[in-house]
Amino acid sequence: MHIPSPDFESGQNPLLVLGGNKQLGLWVPVTVLAMADSEEKVVAVIMVGGPTKGTRFRPLSFNTPKPLFPLAGQPMVHHHISACKRIPNLARIFLIGFYEEREFTLYVSSISNELKVPVRYLKEDKPHGSAGGLYYFRDVIMEDSPSHIFLLNCDVCCSFPLPDMLEAHKKYGGIGTMLVIKVSAESANQFGELVADTTTKELLHYIEKPETFVSDLINCGVYVFTPEIFTAIQGVSNNREDRANLLRVSSFEGLQSVTRPSLPTDFVRLDQDILSPLAGKKMLYTYETMDFWEQIKTPGMSLKCSALFLSMYQFTSPHLLATGDGTRSASIVGDVYIHPSAKVHPTAKANGDYNTKLGITILGEAVTVEDEVVVTNCIVLPNKIISGSVQEEIIL
């Protein structure tokens, strides 16, 4: 596989990223799949949210939309788009969110040219929920008459085994397959927990962030659907509308609804409104990843996920990793990404070995680190001068 070199002429802040992990033992899908029927097409949708979402990611998202904040030298969403590029018969990629279009215009144009695949940003007029947003743009998404639709949440970090998910989904025969992973029982209730048939992989039960332990198998926020998903979403909206009409003619239930507010008919959540009701009906299936997976919710997670993506570069894009022995160039140890515009003195040392206690460091555009200064496990935003050693800080 080959991921093209980064292109930062898209208005993003290029970063120098130090860090990684050569001991993760990552497995990256490289299976070459035969081309299917020439008429069969696949589209991918990446949900990028909006400025009112991802507030825990602040202050990193104050000046740069969260999906465009670089991880391992690439905008966050770039890792998702690059993974989608490996899907056989991919027709186009859509980014759906409620950021202003101008914030994505340059990046969408740049990445479309770089990867030679059409990428389009679709702005919601208001939040519609993860499933409602998909349905809102159904006519645009179905323009190419795709046989399958991938849906990815932008705030997840994993190896994205999308081609293998697609092959498994076709064998299952349902309307949707979700990527899942096993986590510790202590952390499982932070996510959507599920029960799947150990033989058929059918989704039998799903509950979002349960109060009591259900399963150590959780939802990764990556899916592949057939177009029948739109019928399921429409069914939720219809049922909600029918109930609203019923409340209008029932004074008793109408009084109850005052203290139990209902959701808008066009706001449909994928987890509670689609996955939970369809579980156990031979319509949804699971594909378990044995690789890494993380949610990118906080600034600290941007450091950890940068390390994971840097480690994956060993298998997917080794040309993006810096090298140097300290003679004519800086001394490089471990997994390090250096943007082409960065100037690194030959006496500098960049240690990206995650097994050391130096952690991960991200240096923004036009950041200067002066002589004999050590920066450890930090995020430094653009246009800063670091004159003294720092560790475990976000420098604004």
Side-chain angles (χ1 to χ4, degrees), residues 1-5 26-48 74 77-96 108 110-122 134 137-138 140-154 156-181 201 220-230 283-293 309 312-320:
M1 290 185 297
H2 172 74
I3 296 179
S5 299
L26 299 180
W27 175 83
V28 179
V30 293
T31 305
V32 178
L33 301 174
M35 293 296 286
D37 190 309
S38 59
E39 295 183 357
E40 182 179 270
K41 295 180 181 179
V42 179
V43 298
V45 176
I46 304 172
M47 307 301 289
V48 300
Q74 307 276 16
V77 72
H78 184 103
H79 299 282
H80 302 63
I81 294 174
S82 296
C84 290
K85 173 69 175 176
R86 300 196 294 268
I87 302 171
N89 301 325
L90 180 71
R92 64 184 66 244
I93 299 170
F94 299 99
L95 311 181
I96 295 180
V108 165
S110 172
I111 195 65
S112 296
N113 291 331
E114 179 182 334
L115 298 187
K116 309 303 180 187
V117 60
V119 180
R120 181 178 175 185
Y121 176 68
L122 302 174
L134 189 71
F137 292 108
R138 63 194 180 282
V140 178
I141 293 170
M142 291 301 297
E143 281 180 354
D144 292 298
S145 301
S147 60
H148 295 87
I149 303 159
F150 273 91
L151 180 66
L152 295 79
N153 288 335
C154 187
V156 299
C157 164
C158 66
S159 61
F160 299 108
L162 306 184
D164 293 316
M165 270 188 75
L166 181 59
E167 286 301 295
H169 171 74
K170 291 178 179 178
K171 293 177 182 177
Y172 296 152
I175 71 167
T177 296
M178 59 193 297
L179 188 68
V180 302
I181 192 171
K201 308 304 179 183
C220 291
V222 178
Y223 317 84
V224 57
F225 296 107
T226 61
E228 282 76 15
I229 187 62
F230 293 119
M283 300 177 73
L284 299 174
Y285 292 81
T286 61
Y287 181 85
E288 184 177 354
T289 177
M290 301 300 174
D291 256 344
F292 66 89
W293 179 87
F309 282 136
M312 197 168 70
Y313 285 173
Q314 297 178 49
F315 305 91
T316 61
S317 310
H319 64 284
L320 293 179

>> Is the ring pair Phe309/Phe160 parallel, tilted or perpendicular, if the boundaries are 30 and 60 degrees?
In response: parallel

>> Within the 4.5 Å heavy-atom criterion, are His80 and Val156 side-chain neighbours or not?
In response: yes

> Quick one: CZ on Phe150 to CD1 on Ile87, what's the gap to the nearest 0.5 Å?
Replying inline: 4.5 Å

> Taking atom CE of Met312 and atom CZ of Phe292, what is their separation to the nearest 0.5 Å?
Replying inline: 5.0 Å

> Rounded to the nearest 0.5 Å, what separation is found between the OG atom of Ser159 and the CG atom of Asp164?
Replying inline: 9.5 Å

> Looking only at heavy atoms, what is the nearest atom pair of His148 and His169, with distance?
Replying inline: CD2-CD2, 3.3 Å

> Taking the side chain as C-beta and beyond, is there a heavy-atom pair between Ile149 and Met142 under 4.5 Å?
Replying inline: yes

> Between Pro163 and Pro88, which heavy-atom pair has the shortest distance, and what is it?
Replying inline: CB-CD, 4.3 Å

>> side-chain contact (heavy atoms from CB on, under 4.5 Å) for Gln74 and Tyr313? Distances and angles first, verdict last.
In response: CA-CA 12 Å; Gln74 307 276 16; Tyr313 285 173; 3.2 Å; yes

> Knowing that exactly one of Ile81, Leu90, Ile93 qualifies, which makes a side-chain contact (heavy atoms from CB on, under 4.5 Å) with Leu115?
Replying inline: Ile81

>> Rounded at 0.5 Å granularity, tell me how far NZ in Lys171 sits from NZ in Lys201.
In response: 12.5 Å

> Of all heavy-atom pairs between Cys158 and Trp293, which one has the smallest distance, and what is that distance?
Replying inline: CB-CD1, 3.8 Å

> Rounded to the nearest 0.5 Å, how far does CG of Leu151 lie from CG of Leu179?
Replying inline: 12.5 Å

> What heavy-atom pair brings Ile181 and Asp291 nearest, and what distance separates the two atoms?
Replying inline: CD1-O, 3.2 Å

> Taking atom CG of Leu95 and atom CG of Leu122, what is their separation to the nearest 0.5 Å?
Replying inline: 8.0 Å

>> So does Pro118 get a backbone contact from the side chain of Ser112, meaning a donor-acceptor N/O pair under 3.5 Å?
In response: no

>> Would Leu162 and Arg86 count as a side-chain contact (heavy atoms from CB on, under 4.5 Å) here? Give the steps.
In response: CA-CA 8 Å; Leu162 306 184; Arg86 300 196 294 268; over 6 Å; no

>> Which residues pass the ring pair (Phe, Tyr, Trp, His ring centres under 6.0 Å) test with Tyr172, not counting sequence neighbours?
In response: Tyr285

> Considering all heavy atoms of both residues, which atom of Ala44 and which atom of Cys84 are nearest to each other, and what is their separation?
Replying inline: CB-SG, 3.6 Å

>> Applying the side-chain contact (heavy atoms from CB on, under 4.5 Å) criterion to Leu134, which one of Tyr223, Phe94, Phe230 satisfies it?
In response: Phe230

>> Within the structure provided, determine whether Cys157 and His79 are in side-chain contact (heavy-atom separation under 4.5 Å).
In response: no

>> Checking Glu228 now: which residues fulfil side-chain contact (heavy atoms from CB on, under 4.5 Å) with it, not counting sequence neighbours?
In response: Ile175, Thr226

>> I want to check something: taking the side chain as every heavy atom from C-beta on, are Glu114 and His78 in contact at a cut-off of under 4.5 Å?
In response: yes

> Which atom names give the shortest non-hydrogen contact between Pro161 and Tyr287, and what distance separates them?
Replying inline: CG-CE2, 4.1 Å

